Amino acid sequence: MTDIPVLTIDGPSGSGKGTIAQLIAREFGWHYLDSGAIYRVLAQAAMKHQLDLADEDALSRLAEQLDVRFAFDNADLKVMLEGEDVSLRIRSEEAGNAASKVAAIPAVRSALLQRQRDFRKMPGLVTDGRDMGTVVFPDAPFKVFLTASAEERAQRRYKQLKQKGIESNLSDLIAEISERDRRDSEREVAPLRPAEGALILDSTELGIDAVFEHVCAFCADL
Ligand code: DC
């Protein structure tokens, strides 16, 4: 238990939780933890060291020793694996799916627990993921669960890819997002679900500004 405040924002992939968490961290002047990036980097490290994504012992040993660092380059979050900038590489659909697989291994999750808790520093922490409010920071005073329909999340991803000049197929994206939701929600350890007392926000019909206002008002009310 500590007095350092934490705002947890959990939700499925593509719900906008990372964008909102970073905006709020900037607004409050708090630290920011992108917990999904840790799982993405772990999957990247496993591929780099040619480990089998189903080898639970090797993956949990790797999780214990993982050399991951975060840095801000102006407003952009830079993610470093063993000194190498992997910020772009870890954002692909493939990297997200691999992360979801390694994240389902209980020993991997416990190896990463304290590392995530160490981000709780004054004046406060904003963090996003799947189990931030339920497992990692259960005593957080502010908890949000941000969601949106799978179709809407796939549409957003489709537009993002298009902006980067990458053609994709909307129905494939919907299928991939639904499969990742299923894996993240049905796993035995720390499944994706709203924490008790969390503000549940559905952003299907809401823009970023509206979600930002709701979350700020929620934190001010407590
Ligand atoms: O939030 P994201 O899409 O970057 O996360 C990638 C994967 O990592 C996600 O599919 C499940 C896993 N993850 C998790 O299990 N627990 C977290 N706190 C964050 C992410």
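For ligands, and for the atoms within them, numbers begin at 1 and follow the listed sequence. Just so it is clear, the structure is predicted and the values come from calculations on it, not from any experiment.
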Of all protein heavy atoms, the one nearest atom 17 (C) of ligand 1 is R130 N, 3.4 Å

Report the nearest protein non-hydrogen atom to atom 12 (C) of ligand 1: residue, atom name, distance rounded to 0.1 Å.
-> A103 CB, 3.6 Å

D67 and R69 ion-paired at < 4.0 Å = yes

Less than 3.5 Å between some nitrogen or oxygen of Y39 and one of ligand 1, yes or no?
-> no

The answer for which part of D131 has a heavy atom under 4.0 Å from ligand 1 is both

Contact atoms of ligand 1, heavy-atom distance to G129 under 4.0 Å = 18 (N), 19 (C)

Cationic N near anionic O, under 4.0 Å, E152 to R156 | yes

Check A154 against I174 and note the closest heavy-atom contact, atom names and distance.
-> CB-CG1, 3.4 Å

Contact check, side chains of L77 and F72, non-hydrogen atoms, under 4.5 Å = yes

Any nitrogen or oxygen of D34, main chain or side chain, under 3.5 Å from a nitrogen or oxygen of ligand 1?
-> no

Count the heavy atoms of every other residue, nucleotide or ligand shown that sit under 6.0 Å from CD of Q114, and state whether that count exceeds 12.
-> yes

Does R183 approach ligand 1 within less than 4.0 angstrom via side chain, backbone, both or neither, non-hydrogen atoms only?
-> neither

Answer yes or no: is there a side-chain heavy-atom contact under 4.5 Å between L161 and L173?
-> yes

Polar atom proximity, S13 to ligand 1 (N or O, under 3.5 Å) | no

Residue and atom name of the nearest protein heavy atom (relative to atom 7 (C) of ligand 1), distance in Å to one decimal | A99 CB, 3.7 Å

Look at atom 20 (C) of ligand 1 and say which protein heavy atom is nearest, naming residue and atom and giving the distance to 0.1 Å.
-> G36 CA, 3.5 Å

Would you check if D131 and R109 make a side-chain contact, meaning some heavy-atom pair closer than 4.5 Å?
-> yes

R187 near ligand 1 by a heavy-atom separation under 4.0 Å = yes

Calculate, to the nearest 0.5 Å, the distance between atoms CD1 and NE2 belonging to I4 and H31 respectively.
-> 8.0 Å

Sub-4.0 Å heavy-atom contact, Q116 with ligand 1 = no

Numbered in order shown, the ligand 1 atoms found under 4.0 Å of a heavy atom of M132 are 18 (N)

Given side chain to side chain donor-acceptor pair (under 3.5 Å), test R157 with Q160 step by step and report yes or no.
-> CA-CA 5 Å; R157 185 70 187 146; Q160 273 175 357; 2.9 Å; yes

Can you sort out which atoms of ligand 1 are near S100, meaning under 4.0 Å from one of its heavy atoms?
-> 7 (C), 10 (O)

When you check the gap from the basic side-chain N to the acidic O, do E82 and K48 get nearer than 4.0 Å?
-> yes

Can you tell me which residue and heavy atom of the protein come closest to atom 4 (O) of ligand 1, and the distance to 0.1 Å?
-> R40 NE, 2.6 Å

Closest approach of any protein heavy atom to atom 16 (N) of ligand 1, naming residue and atom = R109 NH2, 3.0 Å

For ligand 1, find out whether one of its N or O atoms is nearer than 3.5 Å to an N or O atom of R91.
-> no

Heavy-atom side-chain proximity of R40 to R91 below 4.5 angstrom | yes

Check: S35 N/O within less than 3.5 Å of ligand 1 N/O = yes

Which atoms of ligand 1 have any heavy atom of D184 under 4.0 Å away?
-> 9 (C), 10 (O), 11 (C)

Ion pair check, E179 and R182, cut-off under 4.0 Å = yes

Any N or O of D128 that comes nearer than 3.5 Å to an N or O of ligand 1?
-> no

